[in-house]
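Inspection log for the structure reproduced underneath, given as structure tokens.
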Amino acid sequence: MNSLIVVLGPTGVGKSDISIQLAKHFHSEIISADSRQFFRELSIGTAVPSSEDQNAVPHHFIQTKSIHDYYNVSEYETDALQLIDQLFQQINPLILTGGSMLYVDTVCKGIDDIPTVHQLVRDDVINWYEKNGLDALRQRLLAIDPEYYSIVDLNNPKRLLHAVEIHQMTGKPFTSFRKNTIKERPFRILKIGINQDRKVLYERINQRVDRMVEAGLVAEAESVYPHRKLNSLNTVGYKELFSYLDGDCSLEEAVDLIKRNSRKYARKQLTWFRRDQDITWFEPDQIQEIINYTEQKLKENV
RNA sequence: GGUGCCAUAGCUCAGUUGGUAGAGCAAUGGACUGAAAAUCCAUGUGUCCCUGGUUCAAAUCCAGGUGGCACCA
């Protein structure tokens, strides 16, 4: 059976370097599971792999979309599985790497078939919500889907909105689509987690943000500033600089905020990964151990 | 050297006429099914600078000390 090596961990820990070394070792290719490296207009702030790295090892799903494109996890699931299937014809193992937790999980476990919400419906429901408020939104959900109402986080407007959108579009309750079924994959999954001492990680993140600013992050943010309302730009490293460009804060404050939000993101990623018992954890400098472990596991597989 | 102000959570600071303390930020934990780098929830014990005094009771009042800042010599 073919194997997918999944390299995951918090932002800034060094997943890319390790993935590249693994790819070189196994003569493999890298599939990105990073929901912000999809966008070709963004490169500094999303830390896309350098062109040397991309020349050394083929990468997939890096800067293949525009910030103007609509893209979501489900489409990514389809695209990624199709590509994986195709690459396995020639290459084994393959490497999946990225910090977007939901995207990684979607490749590993799948996601339910839920219709994609039409933009008009979305706008309509959001307008209704803005006019009527959170409490009315809750009541509306209770009326159409009491089952979901009883389990959803009632403080989280995005969750409520989506369930209402689905109902408005299909006439069926959101729970009739949301089954939480785990899809079996026709390949083996080996999860390698990379983590390190929290203080060291935070220091690395802070330094990486400084390097991004030196490399021209502000100019990059300026170049997409006119489109700042796009969801693809609701992104750490850009939204803070938009505030600066608006004149709402100093550059120094914006940069500090990028560091802080990047640290929060790293923490959130670790929270997500912590509950996944299938991950075997390593430190970033344990590349040899990771290779040994992986080879061992791949052998067991045969 | 003198005078005044200040000393409370990792940081910036609140704290009423005395009843052993709480905000913001930082930090931490959690949730997560088509917006996910998104969105949402939760968590505050700290020699109240030190020593002594007054008091049933002191972060609070008094004295002395230490440190910081400002002004005057």
Side-chain angles (χ1 to χ4, degrees), chain A residues 9-12 15 32-39 42 44-48 65 67 69-80 98-119 121-123 125-126 129 134 137-138 148 151-166 169-170 174-183 198-199 201-202 205-206 208-209 212 217 221 229-242 253 256-276:
Chain A
T11 186
K15 294 186 293 293
S32 170
D34 187 308
S35 72
R36 289 303 187 269
Q37 291 182 359
F38 296 147
F39 302 114
L42 313 180
I44 298 170
T46 54
V48 295
K65 298 282 175 191
I67 54 172
D69 294 337
Y70 177 77
Y71 200 54
N72 63 45
V73 230
S74 179
E75 291 175 41
Y76 174 74
E77 181 193 22
T78 308
D79 294 346
S100 304
M101 303 85 80
L102 182 62
Y103 284 66
V104 171
D105 275 7
T106 295
V107 171
C108 297
K109 298 191 295 196
I111 193 162
D112 287 324
D113 247 352
I114 298 169
T116 294
V117 175
H118 197 285
Q119 190 59 45
V121 173
R122 170 152 292 178
D123 292 344
V125 173
I126 287 176
Y129 163 60
L134 185 59
L137 186 65
R138 289 175 184 146
Y148 193 55
I151 55 167
V152 73
D153 176 359
L154 291 171
N155 287 312
N156 193 335
K158 283 195 179 182
R159 299 272 145 69
L160 307 180
L161 284 168
H162 188 232
V164 169
E165 288 164 357
I166 292 295
M169 238 185 59
T170 65
F174 181 57
T175 34
S176 67
F177 300 99
R178 185 184 174 281
K179 295 299 180 200
N180 244 325
T181 42
I182 292 175
K183 294 177 191 164
R198 192 69 67 92
K199 281 205 172 103
L201 176 65
Y202 281 5
I205 289 172
N206 293 342
R208 189 167 78 156
V209 171
M212 285 174 176
L217 182 59
K229 293 281 187 265
L230 292 170
N231 177 62
S232 50
L233 295 176
N234 186 358
T235 298
V236 174
Y238 299 89
K239 56 184 177 183
E240 299 86 353
L241 287 173
F242 296 154
E253 285 168 330
D256 281 347
L257 203 55
I258 293 173
K259 291 175 182 173
R260 192 181 107 198
N261 286 335
S262 299
R263 283 185 251 125
K264 284 187 172 177
Y265 176 51
R267 214 167 64 214
K268 199 174 69 170
Q269 290 171 304
L270 289 167
T271 298
W272 180 291
F273 294 137
R274 210 171 279 135
R275 67 179 173 184
D276 189 338

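The chains referred to below are lettered A, B, ... by the order of the sequence lines, with proteins before strands, and numbering in each begins at 1. The model shown is predicted, which means the values in this text are computed figures rather than measured ones.
- Separating the P atom of B:A23 from that of B:U55 is a span of 35 Å, rounded to the nearest Å.
- Distances shorter than 4.0 Å separate none of the side-chain N or O atoms of A:Arg159 from OP1 or OP2 on B:C32.
- Judged purely by distance below 3.5 Å, without hydrogens or angles, the side chains of A:Asp34 and A:Thr46 never pair a donor atom with an acceptor atom.
- Nucleotides B:A21 and B:U47, compared at atom C1', are 15 Å apart to the nearest Å.
- If you take atom P in B:G53 and the same atom in B:G15, they sit 29 Å apart, rounded to whole Å.
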TODO: Go through the steps for A:Arg208 and A:Thr11 under the test side-chain hydrogen bond (donor to acceptor under 3.5 Å, both in side chains), then give the verdict.
DONE: CA-CA 10 Å; A:Arg208 189 167 78 156; A:Thr11 186; 2.7 Å; yes

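- Counting to the nearest Å, the P atom of B:A27 and the NZ atom of A:Lys199 are 12 Å from each other.
- Counting non-hydrogen atoms under 4.0 angstrom, A:Thr46 reaches a base of the nucleic acid.
- Atom CD of A:Gln119 is separated from atom P of B:G34 by 15 Å (rounded to the nearest Å).
- Atom-to-atom, CZ of A:Phe38 to C1' of B:A36 comes out at 11 Å; the value is rounded to the nearest Å.
- Rounded to an integer number of Å, the gap from A:Ile67 CD1 to B:A35 C1' is 15 Å.
- In B:G67 the O4'-C1'-N dihedral to the base is more than 90° from 0, which defines an anti nucleotide.
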Output one line per pair: protein atom, nucleotide atom from nucleotides 42-44 of chain B, and distance, for all N/O pairs under 3.5 Å.
none

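- A:Asp112 comes within 4.0 angstrom of a nucleotide base, judged by non-hydrogen atoms across all strands.
- Residue-level contact check: A:Arg275 touches the bases, meaning some heavy atom is under 4.0 Å from a base atom.
- Comparing A:Arg263 and A:Trp272 along RNA chain B, the residue whose closest nucleotide (by nearest heavy atom) sits nearer the 5' end is A:Arg263.
- Residues passing the side chain to side chain contact (heavy atoms under 4.5 Å, CB included) test with A:Ile182 are A:Lys109, sequence neighbours excluded.
- Distances shorter than 4.0 Å separate some side-chain N or O of A:Tyr103 from OP1 or OP2 on B:A36.
- For the pair A:Lys239 NZ and B:A36 C1', the interatomic distance rounds to 11 Å; values are reported in whole Å.
- Atoms CD (A:Gln269) and P (B:C32) sit 17 Å apart, rounded to a whole Å.
- Look at A:Tyr70 and you'll find a side-chain N or O under 4.0 angstrom from OP1 or OP2 of B:A35.
- In this structure A:Tyr238 satisfies the ring pair (Phe, Tyr, Trp, His ring centres under 6.0 Å) test with no other residue, sequence neighbours excluded.
- The C1' atoms of B:G46 and B:G4 are separated by 29 Å, rounded to the nearest whole Å.
- Residue-to-nucleotide proximity on RNA chain B shows that, of A:Lys264 and A:Asn156, the 5′-proximal contact is made by A:Lys264.
- Using P as the reference atom, B:U28 and B:A63 are 45 Å apart when rounded to the nearest Å.
- Using modelled atom types, one side-chain atom of A:Lys183 and one backbone atom of A:Ile111 make a donor-acceptor pair closer than 3.5 Å.
- A donor-acceptor contact shorter than 3.5 Å is absent between the side chain of A:Lys239 and the backbone of A:Asn234.
- Residues passing the ring pair (Phe, Tyr, Trp, His ring centres under 6.0 Å) test with A:Phe39, sequence neighbours excluded: none.
- For A:Tyr71 and B:A35, the OH to P distance is 14 Å, given to the nearest whole Å.
- Regarding A:Phe39, its CZ atom lies at a distance of 10 Å from the C1' atom of B:A35, rounded to whole Å.
- Taking the side chain of A:Asn231 as heavy atoms from C-beta on, and the options B:A35, B:U28, B:G34, the nearest nucleotide is B:A35.
- Within the nucleic acid shown, A:Asp113 comes within 4.0 Å of at least one base atom, counting heavy atoms only.
- Taking a pair as Watson-Crick or G-U with both hydrogen-bonding distances under 3.5 Å, the stems of three or more pairs touching RNA chain B are B:1-7 with B:66-72, B:10-13 with B:22-25, B:27-31 with B:39-43, B:49-53 with B:61-65.
- On the C1' atoms, B:G44 is 14 Å away from B:U8, given to the nearest whole Å.
- Between A:Arg36 and B:A36, a side-chain N or O to OP1/OP2 separation shorter than 4.0 Å is present.
- Regarding contacts with the backbone of B:U39, a side-chain N or O of A:Asn234 is found under 4.0 angstrom from either OP1 or OP2.
- A:Arg138 places a side-chain N or O within donor-acceptor distance of the main-chain N or O of A:Leu154, the cut-off being under 3.5 Å.
- No engagement by A:Thr78 is indicated, since no non-hydrogen atom pair under 4.0 Å with the nucleic acid exists.
- Of the possible donor and acceptor atoms, none in the side chain of A:Asn261 sits under 3.5 Å from a partner among the backbone N and O of A:Val236.
- A:Tyr148 and A:Phe174 have perpendicular rings, their planes meeting at more than 60° on a 0 to 90° scale where under 30° would count as parallel.
- For A:Arg122, the salt bridge (Lys or Arg N to Asp or Glu O under 4.0 Å) test picks out A:Glu165, with sequence neighbours left out.
- Each of B:U28, B:A35, B:A36 was ranked by its minimum atom distance to the side chain of A:Arg198; first place goes to B:U28.
- The closest donor-acceptor contact from the side chain of A:Asp69 to the backbone of A:Tyr71 lies at 3.5 Å or more, if one exists at all.
- Within the nucleic acid shown, A:Asp105 has no heavy atom closer than 4.0 Å to any nucleic acid atom.
- Among B:C32, B:A35, B:C40, the nucleotide with an atom closest to any side-chain atom of A:His162 is B:A35.
- Taking atom P on both B:C62 and B:C5, the two are 11 Å apart, rounded to the nearest angstrom.
- Ring planes of A:Tyr103 and A:Phe38: tilted class, angle from 30 to 60°.
- Base contact: A:Gly45 has a heavy atom under 4.0 Å from a base atom.
- Nucleic acid contact for A:Thr116: base, since at least one base atom lies under 4.0 Å from a heavy atom of the residue.
- At the heavy-atom level, A:Phe177 lies nowhere under 4.0 Å from the strands shown.
- Atom C1' of B:C48 sits at a distance of 10 Å from the matching atom of B:A7, rounded to the whole Å.
- No engagement by A:Leu233 is indicated, since no non-hydrogen atom pair under 4.0 Å with the nucleic acid exists.
- Contacts of A:Phe174 with the nucleic acid, taken as non-hydrogen atoms under 4.0 Å apart, involve only primed sugar atoms and P, OP1 or OP2.
- With distances taken from any side-chain atom of A:Pro157 to the nucleotides B:G34, B:C41, B:U39, the minimum falls on B:U39.
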